[in-house]
**Student:** 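Next up is a structure, given as C-alpha cells.
The structure displayed is predicted, hence computed values, not measured ones. All residue numbers in this chain count up from 1 along the given sequence.
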Amino acid sequence: MFRLMGTIFKDTHILKSTVICDATERTRTKKVFGSLENICHEFDLEKPIWLDSNIKDFQKHARTRFTQDNFIEILDFDYLEIQIIEED
C-alpha cells in the first residue's frame with residue numbers, strides 16, 4: 001500500500017491534514033502525482049509547481065514543502081507539506 005500525507009501549516013500549527021492511499025500498480029511517480037492531485041482537490045487548492053528544490057527534497061527525504069513560490073494563487077497558509085508515510 002502506498003500512502004501520502006498532505007498537511008497545511010500556518011504559524012507552526014496544523015490547519016488541515018489528510019492521507020491518500022493508493023493500492024494500484026502504477027509507478028511511484030504516478031502515485032505521488034495522483035495523490036497530490038487528490039490532496040489539492042480535497043483542500044480546494046490548485047496543483048503546485050514543482051521547483052528543482054522540491055524535486056531534490058522529495059528524492060532525498062520522501063517529503064517536500066510547497067510555499068507561496070509554488071502557487072499562482074495567494075495562499076492563506078504558510079506551506080503545504082507532503083510526505084510518503086508508507087510504501088511497498
**Student:** Under a 4.5 Å cut-off applied to non-hydrogen side-chain atoms, are Lys30 and Thr27 in contact?
**Tutor:**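 SC-SC contact between Lys30 and Thr27 confirmed.
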
**Student:** Write down the atom of Asp11, the atom of Asp78, and the distance for their closest heavy-atom approach.
**Tutor:** N-OD2, 2.6 Å

**Student:** Quick check for you: to the nearest 0.5 Å, what is the distance between Met5 atom CE and Ser35 atom OG?
**Tutor:**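 If I round to the nearest 0.5 Å, the distance is 13.0 Å.
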
**Student:** Salt bridge between Lys56 and Asp52, side-chain N to carboxylate O under 4.0 Å?
**Tutor:** no

**Student:** Is Asn54 reaching over with its side chain to a backbone N or O of Leu51, donor-acceptor style, under 3.5 angstrom?
**Tutor:** yes

**Student:** Whether the side chain of Asp57 engages the backbone of Thr64 through a donor-acceptor N/O pair (distance < 3.5 Å, no angle test) should be reported.
**Tutor:** no

**Student:** For the CG atom of Leu36 and the CG atom of Leu4, what is their distance to the nearest 0.5 Å?
**Tutor:**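 Here the rounded value is 7.0 Å.
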
**Student:** Using a 4.5 Å cut-off on heavy atoms from C-beta on, say whether the side chain of Phe9 contacts that of Ile14.
**Tutor:**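 Contact flag for Ile14/Phe9 side chains = yes.
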
**Student:** Mind checking whether Ile55 and Phe66 sit in one hydrophobic cluster, side chains of I, L, V, M, F, W, Y counted as touching below 4.5 Å?
**Tutor:** yes

**Student:** Does a side-chain heavy-atom distance below 4.5 Å link Leu75 with Glu73?
**Tutor:**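 They are in contact (side-chain heavy atoms under 4.5 Å apart), so the answer is yes.
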
**Student:** Tell me, do Leu45 and Ile8 make a side-chain contact under 4.5 Å, heavy atoms counted?
**Tutor:** yes

**Student:** Side-chain contact test, heavy atoms from C-beta onward, threshold under 4.5 Å: evaluate it for Phe2 versus Ile20 and give yes or no.
**Tutor:** no

**Student:** State, with a plain yes or no, whether a side-chain heavy atom of Met1 is found less than 4.5 Å away from one of Cys21.
**Tutor:**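 With C-beta onward as the side chain, the pair touches.
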
**Student:** What's the spacing between Arg3 CZ and Glu87 CD if we round to 0.5 Å?
**Tutor:** 12.0 Å

**Student:** Following the transitive rule for hydrophobic clusters with a side-chain heavy-atom cut-off under 4.5 Å over Ile, Leu, Val, Met, Phe, Trp and Tyr, establish whether Ile39 and Val19 coincide in one cluster.
**Tutor:**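 No, Ile39 and Val19 fall in different hydrophobic clusters.
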
**Student:** Lys31 and Asp22: which non-hydrogen atoms are nearest, and at how many Å?
**Tutor:** CG-OD2, 3.4 Å

**Student:** Could you check if a side-chain atom of Phe77 sits within less than 4.5 angstrom of a side-chain atom of Thr67, using non-hydrogen atoms only?
**Tutor:** no

**Student:** Do the side-chain N and O atoms of Glu81 and Thr7 include a donor-acceptor pair separated by under 3.5 angstrom?
**Tutor:** no

**Student:** Would you compute the distance between atom CZ of Arg65 and atom CZ of Arg63 and round it to the nearest 0.5 angstrom?
**Tutor:**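 With rounding to 0.5 Å, CZ (Arg65) is 7.0 Å from CZ (Arg63).
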
**Student:** Are side-chain heavy atoms of Phe58 and Ile84 found at a separation under 4.5 Å?
**Tutor:** yes

**Student:** When you measure from the side chain of Lys10 to the backbone of Tyr79, do you find a donor-acceptor pair of N or O atoms at a distance under 3.5 Å?
**Tutor:**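 Checked: no pair found.
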
**Student:** Does atom CD of Glu25 have more than 12 heavy-atom neighbours, drawn from other residues, nucleotides or ligands, at distances under 6.0 Å?
**Tutor:** no

**Student:** For residues Lys47 and Phe71, report the shortest heavy-atom separation together with the two atoms involved.
**Tutor:**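 Between these two residues, the closest heavy atoms are C-CE2, 4.5 Å.
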
**Student:** Inspect the surroundings of NE2 in His61 and state if more than 12 heavy atoms from other residues, nucleotides or ligands are less than 6.0 Å away.
**Tutor:**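 Counting neighbours around NE2 of His61, more than 12 heavy atoms of other residues, nucleotides or ligands fall under 6.0 Å, so yes.
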
**Student:** Nearest 0.5 angstrom please: Asn70 CG to Ser53 OG, how far?
**Tutor:** 7.0 Å

**Student:** What distance separates Cys40 SG from Leu80 CG, expressed to the nearest 0.5 Å?
**Tutor:** 6.0 Å

